[in-house]
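For reference, the structure discussed in these notes is given below.
We're numbering straight along the sequence, starting at 1. This one's a predicted model, so the numbers in the text were calculated from it and none came from an experiment.
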Amino acid sequence: MNANDPFVLGDISLSSRLFIGTGKYGADGLIPAVAEASGSQVITVAMRRVDKPASQKDSATPGQASQNILTHIPGHMRLLPNTSGARNAEEAVRLARLARAAGCGDWIKIEVISDTRHLLPDGYETAKATEILAKEGFTVLPYINPDLYVARACVEAGAAAVMPLGAPIGTNRGLRTKEMIAILIEELDLPVIVDAGIGRPSQACEAMEMGAAACLVNTAIASASDPVAMARAFGEAVRAGRNAWLSGPGFVRGMAAGAEASSPLTGFLR
């Protein structure tokens, strides 16, 4: 990544604009190698996979073996706990506070989803949770549909960035919401991080070429035949897309205007 182009989020300066996840791997032991190959500095983890502090553990399940995902996350990475499983703002706020109490820091990705079929985020409850947590000092990154009004509500609520979906979560279908994401990039002063649905490195590159600040990719890496190689490919694609955007892509000539030679034509050869 261009050293002169840091991504500042909250009070942290990042050199990588690829965020990765921790779900769906065949073995959690793959995560350190994936993280290294990707070059990512930020990793999201569902709070339901993190051990609670001893004082908050459920006494009804004594003796259960710990499945704490944090043991597989490299120490240099910035944790982005998420509130996956929350069905309303109240549950999301509770999970965020648990994340802070568990030592996961004060960055939080808000996911509020009550739709169990399409897994689409609830904009109203998301903005509500964002406002509460921003006032408590969290760096809040809400996961939203790419709806301008929902995005503006999250901005007004104190979000540090917005995370619109490219396609329904876990589908690998790509940038199905491309036009709507482009509107958010154009209209908002906050960073736009494309999250969910990206299935190929070329799609992450396209999102970055549009002016997205970053991409979060999980399923496309975790479900690949070689997750480590795929993580490396995504890291390269995000860098290429960002560099292309910084370079100022040339204009697109309409078909009605005909073609235009790249070298001047002074006459045809005879």
Side-chain angles (χ1 to χ4, degrees), residues 1-23 31-32 34-47 49-50 69-70 72-84 92-93 95-111 126 129-144 151 154-164 184-185 188-196 198 204 207-208 211-218 221 231 234-239 241-243 245-246:
M1 196 65 67
N2 187 343
N4 297 320
D5 178 42
F7 178 25
V8 179
L9 188 58
D11 57 353
I12 301 297
S13 179
L14 304 168
S15 59
S16 173
R17 291 174 180 266
L18 173 63
F19 295 6
I20 61 172
T22 53
I31 292 174
V34 165
E36 181 179 4
S38 70
S40 176
Q41 297 169 284
V42 178
I43 189 165
T44 189
V45 58
M47 271 310 297
R49 301 187 67 195
V50 176
I69 188 67
L70 297 183
H72 298 284
I73 295 176
H76 72 276
M77 298 198 76
R78 183 79 185 188
L79 283 177
L80 177 59
N82 67 67
T83 64
S84 173
V93 168
L95 287 169
R97 290 169 177 165
L98 282 174
R100 177 182 272 174
C104 296
D106 55 12
W107 280 25
I108 192 73
K109 176 188 171 190
I110 295 298
E111 293 185 26
T126 297
T130 297
E131 182 174 15
I132 293 170
L133 293 170
K135 288 179 178 178
E136 294 182 8
F138 284 87
T139 297
V140 186
L141 283 68
Y143 169 60
I144 62 171
C154 289
V155 171
E156 292 172 1
V162 294
M163 305 184 75
L184 300 191
I185 292 171
L188 301 181
D189 291 331
L190 288 186
V192 174
I193 302 170
V194 179
D195 178 19
I198 291 178
M208 298 303 295
C215 291
L216 192 156
V217 181
N218 184 182
I221 295 175
F234 267 103
E236 293 168 352
V238 167
R239 286 193 294 273
R242 178 65 179 180
N243 287 334
W245 184 80
L246 290 173

Closest heavy-atom pair, Leu190 versus Ala161, reported as atoms and distance to 0.1 Å, is CD1-N, 4.1 Å

Of all heavy-atom pairs between Val238 and Cys215, which one has the smallest distance, and what is that distance? CG2-CB, 4.5 Å

Return yes if some donor-acceptor pair links the side-chain N/O of Asn82 with the main-chain N/O of Thr44 below 3.5 Å, else return no. no

Please check this pair: side chain of Thr83 against backbone of Glu111, looking for a donor-acceptor N/O pair closer than 3.5 Å. yes

Criterion side chain to side chain contact (heavy atoms under 4.5 Å, CB included) on Ile69 and Ile31, from CA distance to verdict: CA-CA 10 Å; Ile69 188 67; Ile31 292 174; 3.7 Å; yes

Looking only at heavy atoms, the pair that brings Cys154 and Thr126 closest together is SG-CG2, 4.3 Å

Sequence neighbours left out, what passes salt bridge (charged side-chain N to carboxylate O under 4.0 Å, His left out) with Arg100? Give chain and number order. none

Phe19 side, atom CZ; Met163 side, atom CE - distance, nearest 0.5 Å: 6.5 Å

Of all residues at least two apart in sequence or in a different chain, which pass the side-chain contact (heavy atoms from CB on, under 4.5 Å) check with Glu236? Arg232, Arg239

State which residues pass side-chain contact (heavy atoms from CB on, under 4.5 Å) with Ala237; sequence neighbours excluded, sorted by chain then number. Pro201, Cys205

Would you name the heavy atoms of Thr22 and Asn218 that are closest together and state the gap between them? N-OD1, 3.8 Å

Look only at the side chain of Ser84 and the backbone of Met47, and say whether a donor-acceptor pair between them is shorter than 3.5 Å. no

Residues two or more places apart in sequence or in another chain: which of them pass side-chain hydrogen bond (donor to acceptor under 3.5 Å, both in side chains) with Glu36? none

Taking only residues two or more places apart in sequence, or in another chain, which ones meet Ala196 in a side-chain contact (heavy atoms from CB on, under 4.5 Å)? Tyr143, Leu165, Ile169

Walk me through it: do Asp5 and Trp245 pass the test side chain to side chain contact (heavy atoms under 4.5 Å, CB included)? CA-CA 12 Å; Asp5 178 42; Trp245 184 80; over 6 Å; no

Apply side chain to side chain contact (heavy atoms under 4.5 Å, CB included) to residues Leu141 and Leu9 and explain how you reach the verdict. CA-CA 10 Å; Leu141 283 68; Leu9 188 58; 3.8 Å; yes

For residues Ile110 and Ala129, report the shortest heavy-atom separation together with the two atoms involved. CG2-CB, 4.2 Å

Pairwise distance CD1(Ile43) to NE2(His72) - rounded to 0.5 angstrom: 11.0 Å

Identified side-chain contact (heavy atoms from CB on, under 4.5 Å) counterpart of Ser40 within the set Leu216, Ile20, Val217: Ile20

Can you name the closest pair of heavy atoms from Met77 and Val42 and give their distance? CE-N, 3.7 Å

In the structure I gave you, are the side-chain heavy atoms of Ile108 and Thr139 within less than 4.5 Å of one another anywhere? no

Candidate pair Arg78 and Gln41, rule side chain to side chain contact (heavy atoms under 4.5 Å, CB included), full reasoning: CA-CA 6 Å; Arg78 183 79 185 188; Gln41 297 169 284; 5.7 Å; no

Just to verify, what does Ala231 make a side-chain contact (heavy atoms from CB on, under 4.5 Å) with, not counting sequence neighbours? Val34, Ala37, Ser38, Ile221

